[in-house]
Amino acid sequence: MPVLIAKIALSAATFAIDKPYDYLIPAELAELSPGVRVIVPFGAGNRRTEGIVLAVETAENLDKRLKSILACLDEEPVLTDEGIRTALWMRERWFCTVYDAVRAMLPAGLYYALQDCYRLADGIEKEAALEAAGRSKYERQVVELVSVRQSGLEAAQIREAFGTKDPGPALRSLLGKGVLALETSAARGVGDKTEKLISLAIPPEEALAQVTPKRKTAPLRYAVVELLAGIGEAAVKEVCYFTGAANATIRSLEKSGLVTITEQEVFRRAGPDHVEPAGPVKLNREQDAAFQGLNAMAEAGTAAVALLYGVTGSGKTQVYLRLIEETLKRGKTALTLVPEIALTPQLMAIYTAHFGDEVAVLHSSLRAGERYDEWKRIRTGKAQVVIGTRSAVFAPLERLGLVILDEEQEGSYKSENVPRYHARDVAKYRAQRNGALLVLGSATPSVETMYHARQGDYRLFTLARRYNERELPAVFLADMKEELQAGNTSPLSLPLRQALEENLKRGEQSILFLNRRGASRMVTCVHCGQVPSCPRCSAYLTYHSANHRLMCHYCGHSEPMPDSCPDCGGALEFVGAGTQRVEETLKELFPDVEVMRMDADTVTASQSHEKLLARFREERIPILVGTQMVAKGLDFENVTLVGVISADQGLYLDDYRAGERTFSLITQVVGRAGRGSKAGRAIIQTFTPENDVITAAARQDYDHFYEQEIGLRKVRNCPPFSSFFVITVSGAEEGQTLRVCAMLRDTLLGWLGAEPYRGFSCQVLGPAPAAITKVNNRYRYRLTLMAENIRLFRALVAHLVRCAQADRKNRGVSITADIDPMN
DNA sequence: AGCACGCCGACT
DNA sequence: GTCGGCGTGCTC
């Protein structure tokens, strides 16, 4: 008798054991189709696990050993066939499990939280249950707990009652005896972002009276209560930030009844601005030429990739819009990806203006419900145009005809957590499968992309003229070495200071720009040179003026800023030119001038950076200092001066992409400045004014930069000439971590010497400690393999990782692999 | 990674 | 008996 069998990818499967598992489809689920999620028993303990059906098959002879699917979670498939294929491809391509990929593809609002609920089995009374439990004290405890309520008890509550002791064995034993019944329910809609709020549960005086006696021994408890007494209700996160209290402290305060914690949904979305429908798109001759070429490619219906290389301000957006219009006319759908939604609000507004309700927007600051709604609109075909950030590359569009990746060189397209995919590659894969056109747009294309374009793999379209023929600002390189020799240790050079003064006199606005990496601010002792570092990480602590504390950016540790050096008592001094330091310097120089600072610290939920920028423009605040996010303000009419504080920051890092990043950053800052009718100026501060990357960027000379860079890449065998495979080993014990890493290298070298890998070109570097060796008390060592990114070699790396993970000797260490990581 | 299973010694 | 600890092997 034939039976139905489902191939299922499981959430509980780790990378080492991930594969499609076979389960029997029970009669009541006979309609089950691929793409729906199910609950299945897995492992020796039959723990409930979420999975997704990859395929349904019929088998003639029933294999007795197959387990059955317990329940189905979706009425309709949440993944299309293409989605399933993409997930399978991602496992092979990015060293993740199929379910890791599935998780990345689905909107948060679709997540289920599985909840196990234990109750006495039907027809079993408490007495009988106790008897069955026999003399086992834990089993008796479980029976006592569970029999309180007819409906039974959630697993989490039983675990809580047991404290540190694991109730698992007792529960399983009782389950086996038939005394207990287990029901697994799937609760939906847990994905919404909530924020925990904390407030005093008792009057402030009383609370203070309770904690004051132990002020010396429990300073954090005191600090939290004191803060709350002053401000009333606050977010737990903020309270931790300002006092340095850990979550444990907060919980203990809650337990002692001093504070109460409530959860509230976070509303982060700025209301959708109402946009007037836009008129037809007009293209100039150059844009039209690019459009015609691209459109012909899209129309052909065969998969292809094109690079639209258009200098800043050349009007790539209009070309996108025309291409999308034509794609829609052909009855196909279009997907546009942008690096960070926060940096491209205009693009969204423009899309909405052109395509109205047909546009769906997907990005991280949407609430789970909104994201889910947008996802549904796409899934049901109501939205045919999608714009969004990295994960929007998985938008469930059918009949995909066009994919646009704007600012394709941006690093944010690469995911930093599992699955560590690159949206560009996923986009390429989807375009390939759909016979769609992928357009990579950029003013400063990544070296890899330009290489492919020049090789003829991608068609190249160029927009060389600035829209409206606007003039570039005059660029001046300020030599910071000279400044230093002249005794100027402030972050502002003399030329920049003079330019600022002139702008202030003329009533024009200025923007000072800091590289992100230069944004942090360390503290050092003038006497002994000590720099306070994190106790859990091998990283220096950074000073935050908002709470006057030293914080670790890797693990979140924080401590109060000491008055003097903890080691020798010497005076402490700030190093590095963070935005805060620049702001303070400006305030000293121009005491009566308002300075606005914009960085991760000042941009919060209520002070979104659009709001800050709007204020900057409307109130004509003379000077704006900030990181990347200030770039948008450069378009403003009254901004006539832009200063790049530390152009070198990040340029001399041990990273082959450093040059590319610096070039892109400076080029865009300069290219955007002086958009108005008044002539603009740009001052770039650098310690190495002769550096090729910096001078090329000042001239807006991409070709020169590219020629230099591709030569370097070739010599060093960096992408696009090879790929970096980085295997990271991390563990609590440094010796073991290093040993495992070395063992991996030896195994790999052994394999590379044998068939079928003999002769395959692969450079093996390491084991080397990661840039931040210790994070959260775990040591990290890595192997770097430089090799061609082909299936055969990926299979080898995957096999290596799987073997190492399965090895009992490597317990306690985690082993992961990544391709072309961003740091 | 979980989890069972088998084995051992300790407690009572 | 029961409990805790630990090594080994499998997950449809």
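Naming convention: chains lettered A, B, ... in sequence-line order (proteins, then strands); numbering from 1 in each chain.
Rounded to an integer number of Å, the gap from A/Asp807 CG to C/dG9 C1' is 13 Å. Rounded to an integer number of Å, the gap from CZ of A/Arg48 to C1' of B/dA1 is 19 Å. In this structure, the CG atom of A/Asp18 is 15 Å from the P atom of C/dT11, given to the nearest Å. Put simply, CD1 on A/Ile25 is 16 Å from P on C/dC12, counting in whole angstrom units. In this structure, the CD atom of A/Glu139 is 9 Å from the P atom of C/dT2, given to the nearest Å. Summarising the geometry, the separation between CZ on A/Arg811 and C1' on C/dG5 is reported as 12 Å, rounded to the nearest angstrom. Rounded to an integer number of Å, the gap from A/Asp22 CG to C/dC12 P is 11 Å. Rounded to whole Å, the distance from CD on A/Glu57 to P on C/dC12 is 17 Å.
The base of C/dG7 has none of its N or O atoms less than 3.5 Å from a complementary donor or acceptor on the side chain of A/Arg808.
When distances are taken from the side chain of A/Lys67 to each of B/dG2, C/dC12, C/dG7, the shortest belongs to C/dC12. Taking every side-chain heavy atom of A/Tyr23 into account, C/dC12 is the closest of B/dA1, C/dG4, C/dC12. Checked against C/dG4, C/dT11, B/dA1, the side chain of A/Tyr21 finds its nearest nucleotide in C/dT11. For A/Tyr138, taking side-chain heavy atoms from C-beta onward, the closest of the listed nucleotides B/dC3, C/dT11, C/dC3 is C/dC3. Listed candidates were C/dT11, B/dA1, C/dT8. Nearest to the side chain of A/Phe42 is C/dT11.
Within the 4.0 angstrom heavy-atom criterion, base atoms lie near A/Lys19.
Between the side chain of A/Lys196 and the main chain of A/Lys237, no donor-acceptor pair closer than 3.5 Å is present.
A donor atom on one side chain and an acceptor atom on the other are not found under 3.5 Å apart for A/Ser11 and A/Thr49. In this structure, a donor-acceptor pair under 3.5 Å is present between the side chains of A/Ser173 and A/Glu139.
Each of A/Ala44 and A/Ile17 was assigned the nucleotide of DNA chain B with the nearest heavy atom; the assignment lying further toward the 5' end belongs to A/Ile17.
Here the options are A/Trp89, A/Phe394, A/Tyr429, the test is ring pair (Phe, Tyr, Trp, His ring centres under 6.0 Å), and the partner is A/Tyr421; only A/Phe394 passes.
Applying the side chain to side chain contact (heavy atoms under 4.5 Å, CB included) criterion to A/Thr773, with sequence neighbours excluded, gives A/Ser538, A/Glu734, A/Pro769, A/Tyr779, A/Tyr781.
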